[in-house]
There are 2 protein chains.
Amino acid sequence: MDTLASMTPENPVLPLRERKKLRTRQALIDTALELFGEHGFDRVTLDQLCESVEVSKRTFFRTFSSKEDVAAAPTQDLWTAFLEVLEDHPPQGRPLVSLYEEALVEAIGRMPSDTWAQRALASRRLAARTPSMDAHGLAFCNRVSREAAAVTERRFTLDSAEKGTAEEGIAALRVRLALDMLLSAFHQALAAWVAQPAGHTREDLTRRLRAACAELPGALAATAEPRGEEAVR
Amino acid sequence: MDTLASMTPENPVLPLRERKKLRTRQALIDTALELFGEHGFDRVTLDQLCESVEVSKRTFFRTFSSKEDVAAAPTQDLWTAFLEVLEDHPPQGRPLVSLYEEALVEAIGRMPSDTWAQRALASRRLAARTPSMDAHGLAFCNRVSREAAAVTERRFTLDSAEKGTAEEGIAALRVRLALDMLLSAFHQALAAWVAQPAGHTREDLTRRLRAACAELPGALAATAEPRGEEAVR
DNA sequence: TAGATTCTGCCACTGAGTGGCACAAGCCTA
DNA sequence: TAGGCTTGTGCCACTCAGTGGCAGAATCTA
C-alpha cells in the first residue's frame with residue numbers, strides 16, 4: 001500500500017514527479033473554485049490564485065490552458081471519462097441515444113464519490129454567472145461531441161430504424177444529432193441539479209439525466225398552440 | 001427615395017448619426033473578415049484592424065463587445081432575425097420543432113440576399129479554424145436558445161403529443177430540448193454548407209437545414225451495432 | 001447660430017497569456 | 001551513491017485584448 005492519504009484511485013504507485021504534478025493541479029482547482037466562488041471569477045487575478053497556491057503563473061499555464069480551464073475541470077473530467085467509457089463499453093444494439101446515456105451514467109459513477117459532486121456544483125454555479133466560463137464549457141462539449149462521433153464511427157455500425165435509408169453522410173449526421181441530444185439533455189439536467197437547494201449527489205444528477213433523456217421523444221413530438229389573446233391579422 | 005447607394009432595408013431615412021454608425025460597423029465587419037481570412041484570426045491585432053478602417057480602438061469596443069464578436073456578426077444577425085420572426089410569426093399548431101425550423105428558414109430568407117451568404121461563409125470558415133470564435137458562437141447560440149424559450153413560453157401553450165403529461169417543468173424542459181435540436185441540426189447543416197466547394201446560396205443552406213431537421217427522428221431512433229472485429233470479453 | 005447631446009480620439013492602465021533562459025528536483029545507470 | 005540526463009519550475013520581459021477618463025468634435029434641437 002501507500003502512505004494512506006496521498007492515493008488517487010488510478011495510481012497505486014505513480015512516479016513521484018507525476019504525483020507532485022497532480023497535487024498542484026488539484027490544489028489549483030480547489031483554490032480556484034474557492035476564490036472564484038467567494039469573490040467572483042473575474043475579480044480574482046491569476047497572480048492572486050498563483051500566490052495562494054505558491055506556484056508561478058508560468059507553471060499554471062503548463063497545467064491549464066486558460067483561466068476558465070481550471071474552473072471547468074470537474075466537468076471536463078466527466079466528459080473525458082465519458083469518452084473512455086465509450087471506447088470500452090460492451091454495448092448492446094440499443095438505440096444510439098440510450099447507448100450514450102448509459103455511457104454518461106457510467107462516467108458519472110466513475111467520478112470520485114463525494115468530492116466530485118461538490119466541486120462540480122461549485123464549478124457550475126460559477127459558470128452560470130460567468131459568460132466566458134459558459135462559453136469555454138460549451139466549446140469543450142462541442143469538441144467532445146466531435147470526438148465521440150469519431151469513436152462511434154470507429155466502433156459501431158449504424159442500423160437506422162427504417163432500414164435501407166442509412167447512406168453515407170446520413171449516418172454521420174445522425175450520430176452528431178444523437179450526441180447533441182444527449183449533450184442538451186445533460187445540460188438541462190445539470191442546470192436543474194445546480195438550481196436545486198440541497199442534496200447534490202451523483203445519484204441525483206443521474207436521476208435527472210435519465211429524466212431529461214426520457215423527454216427527448218416528447219420534445220420532438222410536442223406541438224404548440226398560440227396563446228388565445230392574440231388577434232388574427 | 002434616398003441617394004441610391006446608402007440604403008439599408010430597414011431604414012428609409014434614419015438620423016445621419018445612426019447611418020454613420022451603421023456604416024463604420026459594416027466597414028469593420030467587412031475589413032475584419034478580409035484581414036482575418038487572409039492572415040488568420042489571431043495574427044491580426046485589433047490595432048491593425050482599427051487602423052485599416054481608420055477608427056480608434058475605443059470606438060471599436062463601443063460597436064462590438066470583443067474581437068470575436070465582429071467576425072461572428074453574420075451568424076448573430078441571423079439569430080436575431082430568428083427571434084424577431086418567432087415573435088411575429090402567425091404559427092400553426094404544428095410540431096414545435098417544425099415551428100422553429102420554419103422560423104429559421106424565414107429568418108434566412110430575411111438576410112440581405114447575396115452579400116450575406118458570402119459574409120456568413122467567410123465567418124464560418126474562420127470559426128472552423130479558430131477555437132475562440134467557435135466558443136463565442138456557441139455561447140451566443142445558447143443565449144438565443146434561452147431567449148427563444150422565453151418567447152415560446154410567452155406566446156404559446158404546449159400540447160404534448162400524449163396528453164395529460166405536460167406538467168410544469170416538463171413543458172419548459174421540452175421547449176429547451178426542442179430548441180437545442182434545431183440548433184444542432186442547423187450547426188450540422190451549416191458545417192456541411194461551409195464544407196461544400198461552391199454554390200453557397202441562402203437557398204442551399206435552407207435546403208440543408210431542412211434535410212438535417214428531417215433526420216432528427218431518425219437520429220433519435222437509430223440503433224448501433226458493435227463492429228465485428230471486437231472480441232467479447 | 002447657440003447650446004445641449006452624443007459620439008469619437010487619445011492616453012494610460014490592468015490583466016491574460018507567451019517565450020526564453022537559468023536553475024533545481026526527480027530519474028537512471030554504473 | 002555519485003554522475004549525468006531529463007523534466008518541471010521560477011523569474012523576467014513582452015504582446016495584446018479590453019476598460020476608464022477626459023477633452024474635443026460632430027450631430028441634433030430650437
Side-chain angles (χ1 to χ4, degrees), chain A residues 2-3 6 11 13-29 31-32 35-36 39-73 126 130-136 139-140, chain B residues 3 6 11 13-29 31-32 35-36 39-73 126 130-137 139-140:
Chain A
D2 208 354
T3 54
S6 65
N11 356 314
V13 179
L14 208 60
L16 171 59
R17 210 184 254 164
E18 297 299 316
R19 267 181 289 165
K20 263 195 165 177
K21 249 174 113 173
L22 283 182
R23 218 179 304 148
T24 53
R25 180 191 142 90
Q26 201 55 56
L28 279 169
I29 294 173
T31 315
L35 288 178
F36 294 164
H39 305 106
F41 181 79
D42 33 32
R43 298 194 57 178
V44 178
T45 69
L46 279 183
D47 293 293
Q48 290 174 314
L49 171 59
C50 290
E51 194 166 0
S52 297
V53 188
E54 288 177 310
V55 155
S56 83
K57 204 168 59 167
R58 203 71 191 76
T59 297
F60 174 89
F61 280 106
R62 281 189 205 98
T63 317
F64 300 99
S65 63
S66 71
K67 190 182 177 187
E68 287 78 23
D69 209 38
V70 64
L126 214 45
T130 310
S132 73
M133 271 192 66
D134 202 34
H136 185 267
F140 182 81
Chain B
T3 54
S6 64
N11 355 316
V13 180
L14 208 59
L16 169 62
R17 211 183 255 162
E18 296 300 316
R19 267 181 290 165
K20 262 194 165 176
K21 252 173 113 172
L22 283 182
R23 217 179 304 150
T24 54
R25 181 191 141 90
Q26 200 55 55
L28 280 169
I29 294 173
T31 315
L35 289 178
F36 293 163
H39 305 106
F41 181 80
D42 33 30
R43 300 193 56 180
V44 177
T45 68
L46 278 183
D47 293 294
Q48 290 173 314
L49 171 60
C50 289
E51 194 165 2
S52 297
V53 188
E54 290 179 307
V55 156
S56 83
K57 205 168 58 168
R58 204 69 191 77
T59 298
F60 175 90
F61 280 106
R62 281 188 203 101
T63 316
F64 299 100
S65 63
S66 72
K67 191 182 177 185
E68 287 78 24
D69 208 39
V70 64
L126 215 45
T130 312
S132 72
M133 268 192 68
D134 204 33
H136 185 267
F140 182 81

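Every chain is numbered from 1, with letters handed out A, B, ... down the list of sequences. Treat the numbers as computed from the prediction; the structure is a model and nothing was measured.
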Novice: Atom CG of B:Leu28 and atom P of C:dT8: how far apart are they, to the nearest Å?
Specialist: 10 Å
Novice: So, does B:Thr59 get its side chain near the phosphate of C:dG9, meaning an N or O under 4.0 Å from OP1 or OP2?
Specialist: yes
Novice: Is A:Lys20 close enough to C:dG26 that one of its side-chain N or O atoms is under 4.0 Å from OP1 or OP2 there?
Specialist: yes
Novice: Among the nucleotides C:dG17, D:dG10, D:dA17, which one has an atom lying closest to any side-chain atom of A:Ser56?
Specialist: D:dG10
Novice: Both distances below 3.5 Å, Watson-Crick or wobble geometry, any strand: find the nucleotide opposite C:dT29.
Specialist: D:dA2
Novice: Touch check for B:Lys57, heavy atoms < 4.0 angstrom, all strands: base, sugar-phosphate only, or nothing?
Specialist: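 The residue B:Lys57 makes base contact.
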Novice: Using heavy-atom distances to pick each residue's nearest nucleotide on DNA chain C, tell me which of B:Arg58 and A:Glu18 is more 5'.
Specialist: B:Arg58
Novice: Can you tell me how far C1' of D:dT9 sits from CZ of A:Arg23, to the nearest Å?
Specialist: 15 Å
Novice: Looking across every strand, which nucleic acid part, if any, lies under 4.0 Å from B:Ser66 by heavy atom: base, sugar-phosphate, or nothing?
Specialist: sugar-phosphate
Novice: What is the distance, to the nearest angstrom, from the CZ atom on B:Arg19 to the P atom on C:dC7?
Specialist: 15 Å
Novice: Can you check the B:Asp47 CG to C:dC11 C1' distance for me, whole Å?
Specialist: 13 Å
Novice: Kindly point out which of C:dG17, D:dT9, D:dA17 is positioned nearest to the side chain of B:Phe61?
Specialist: D:dA17
